[in-house]
Peer 1: 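One structure, as structure tokens, below. Some questions next.
Values below: all heavy atoms of this structure, side chains included; hydrogens, waters and symmetry mates excluded. In this chain, numbering begins with 1 at the start of the sequence shown. Bear in mind that the values here come from a model prediction, so they are computed numbers and not experimental data.
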Amino acid sequence: MNSESSTLDFTALAFNLTNIKRTLMIDKSLAITHKSLIKVDPQTNANKFWQAWLMPDGNLYVEYGRVNYSARSHVYPCSSVTVAEQKLAYLLSSKLSKGYQEAIVESNNLQQLDWSYFGDNAKTFQEKLAQITSLADKIADHTSLNFDAIQGVFTSQLGIISPQTIRQAIPALQQVSLHLANPQSRQFNHAVADYLTLIPLTVGMKLDARSLLGNPEKIATQRRVLSQLEKALDLISQLRQEMLNEAVKSPKNSTELGGSLGESFSLTLLKSLLKQQKISALHTSVGQIKAASIFSR
């Protein structure tokens, strides 16, 4: 090995180590902008995702890879947020021109809601918790979705499954059913791809549309999954609201909900969650609820 190649190898190694260091330091929750793209095409065996987080320090963090597999990552160091925005716009344009589309998911920026901190009060919510857990198990049997019990959300590799995701998945699945008579057709493959961009199924390195949704029984199973997801999201919404009502109704009791930690909900968290639930106002003074940190990021 000559000195020139050794210098090049060392330079490449130094660059990779620097990139790894930047990657480890990324806190995605601080991102200014987050974009999630997906590309599914059974005819070309494409089942890929691409995500980007624009950070306040000007770094642009990217993850990409095959759906259901570990992501690769890269950091584009930029001199400013403006430069990073330009780089992101360029990368998005490039990906969209290659057949990627925006994933219909929510950004994973919810405050963590740890139901265990309700102690004895959790008994009030036991029935809904049991229903949600049961539904989550059934959904996991037929998709690659995960249930995050801390935040109370269903997630794919690209983000949080929302009611909008389900609303779009229902007609997408109907299109699969309409073209089922000819599972070798481009229309059937396209319909399956549309469904998979919304609801990820367990797929290996080979994407075979017919093996995934090529008969009425498999389509019926996915219809049940969508119904179960819809019900689970509704129960989660109800449960969150009941918890918030309990905390706001009785600030003194809410201070005790932290159990041995002796911590309560923070006013900031309550306002955030109430805003998510589209409640217009919070009639609780700062003095009634002390700031706390029982919700880790």
Side-chain angles (χ1 to χ4, degrees), residues 34 36-40 42 47 49 51 66-69 101-115 125-180 190-204 207 209 211-244 273 276-278:
H34 172 220
S36 294
L37 304 182
I38 187 168
K39 178 180 180 179
V40 181
N47 191 25
F49 68 93
Q51 290 183 284
R66 193 168 182 84
V67 174
N68 297 330
Y69 287 82
Q101 63 187 76
E102 289 206 37
I104 309 300
V105 292
E106 296 178 4
S107 295
N108 195 358
N109 59 0
L110 293 176
Q111 298 272 9
Q112 290 190 352
L113 181 58
D114 189 341
W115 296 331
F125 314 125
Q126 185 175 6
E127 184 177 346
K128 282 192 177 69
L129 284 168
Q131 290 181 59
I132 294 168
T133 301
S134 175
L135 288 168
D137 289 341
K138 293 174 183 177
I139 292 165
D141 286 341
H142 302 290
T143 70
S144 61
L145 296 176
N146 297 306
F147 179 60
D148 184 338
I150 300 299
Q151 290 188 341
V153 292
F154 286 88
T155 63
S156 71
Q157 204 163 9
L158 292 175
I160 295 170
I161 300 300
S162 68
Q164 182 186 1
T165 311
I166 301 171
R167 286 194 295 270
Q168 294 199 26
I170 292 171
L173 187 62
Q174 181 61 25
Q175 286 299 308
V176 177
S177 181
L178 288 175
H179 296 290
L180 185 59
H190 182 73
V192 171
D194 284 347
Y195 185 72
L196 292 181
T197 62
L198 298 160
I199 306 297
L201 305 184
T202 303
V203 180
L207 175 56
S211 69
L212 290 172
L213 294 171
N215 63 55
E217 292 76 18
K218 291 180 178 179
I219 292 175
T221 295
Q222 290 305 306
R223 286 201 179 102
R224 287 195 297 273
V225 165
L226 295 179
S227 177
Q228 290 161 351
L229 265 173
E230 203 166 31
K231 184 175 181 180
L233 292 186
D234 184 56
L235 287 171
I236 290 168
S237 178
Q238 292 177 33
L239 185 57
R240 282 180 175 273
Q241 189 57 62
E242 289 172 11
M243 287 174 157
L244 291 168
L273 291 178
Q276 290 171 22
Q277 297 295 337
K278 297 183 179 178

Peer 1: When you measure from the side chain of Ser156 to the backbone of Pro200, do you find a donor-acceptor pair of N or O atoms at a distance under 3.5 Å?
Peer 2: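 No; judged by distance alone, with no hydrogens or angles, the pair does not exist.
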Peer 1: Does His142 offer a backbone N or O that forms a donor-acceptor pair with the side chain of Gln222 under 3.5 Å?
Peer 2: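 At least one qualifying donor-acceptor pair exists.
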Peer 1: Would you list the pairs meeting side chain to side chain donor-acceptor pair (under 3.5 Å) in which at least one residue belongs to residues 161-170, sequence neighbours left out?
Peer 2: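 Passing the test, one end in residues 161-170: Ser162-Thr165.
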Peer 1: Supply the atom-to-atom distance Leu229 CG to Leu135 CG, rounded to the nearest 0.5 angstrom.
Peer 2: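 The CG atom of Leu135 is 8.5 Å from CG of Leu229, to the nearest 0.5 Å.
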Peer 1: Take atom NE2 in His179; do more than 12 heavy atoms of anything else shown fall under 6.0 Å from it?
Peer 2: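 Yes, NE2 of His179 has more than 12 neighbouring heavy atoms, counting only those of other groups under 6.0 Å.
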Peer 1: Which pairs with one or both residues in residues 224-235 pass side chain to side chain donor-acceptor pair (under 3.5 Å), sequence neighbours excluded?
Peer 2: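 Counting only pairs at least two positions apart or across chains, the side chain to side chain donor-acceptor pair (under 3.5 Å) contacts touching residues 224-235 are Thr221-Arg224, Asp234-Gln238.
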Peer 1: Nearest 0.5 Å, what's the CG-CG distance between Leu213 and Leu173?
Peer 2: 6.5 Å
Peer 1: For the residue pair Tyr69 and Asn47, establish whether any side-chain heavy-atom pair is separated by less than 4.5 Å.
Peer 2: no
Peer 1: Between Val153 and Ile236, is any pair of side-chain heavy atoms under 4.5 Å apart?
Peer 2: no
Peer 1: If we ignore hydrogens and angles and just use 3.5 Å, is the side chain of Asn68 paired with the main-chain N or O of Gln157 as donor and acceptor?
Peer 2: no
Peer 1: How far apart are the closest heavy atoms of Leu158 and Ser36, and which atoms are they?
Peer 2: O-OG, 3.1 Å
Peer 1: Rounded to the nearest 0.5 Å, how far does OG of Ser177 lie from CD of Gln174?
Peer 2: 5.0 Å
Peer 1: Among residues at least two apart in sequence or on other chains, which ones pass side-chain contact (heavy atoms from CB on, under 4.5 Å) with Ala136?
Peer 2: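 In terms of side-chain contact (heavy atoms from CB on, under 4.5 Å), with neighbours along the sequence ignored, Ala136 is linked to Phe147, Phe154.
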Peer 1: If every non-hydrogen atom of Ile139 is compared with every non-hydrogen atom of Thr143, which pair is closest and at what distance?
Peer 2: O-OG1, 2.9 Å
Peer 1: Are any non-hydrogen side-chain atoms of Glu102 and Leu37 less than 4.5 angstrom apart?
Peer 2: yes
Peer 1: Atom CG of Leu233 and atom CD1 of Ile166: how far apart are they, to the nearest 0.5 Å?
Peer 2: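 The distance works out to 4.5 Å.
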Peer 1: Once rounded to the nearest 0.5 Å, what's the spacing between atom CG of Asp141 and atom OG1 of Thr202?
Peer 2: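 Output value for this atom pair is 9.5 Å.
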Peer 1: Test your reading of the model: is there a side-chain donor-acceptor pair from Thr197 to the backbone of Asp194, 3.5 Å cut-off?
Peer 2: yes
Peer 1: For the CG atom of Asp148 and the CD1 atom of Ile160, what is their distance to the nearest 0.5 Å?
Peer 2: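 That separation rounds to 8.0 Å.
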Peer 1: Which pair of non-hydrogen atoms, one from Ile132 and one from Ala232, has the smallest distance, and what is that distance?
Peer 2: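 It is CG1-O, 4.4 Å.
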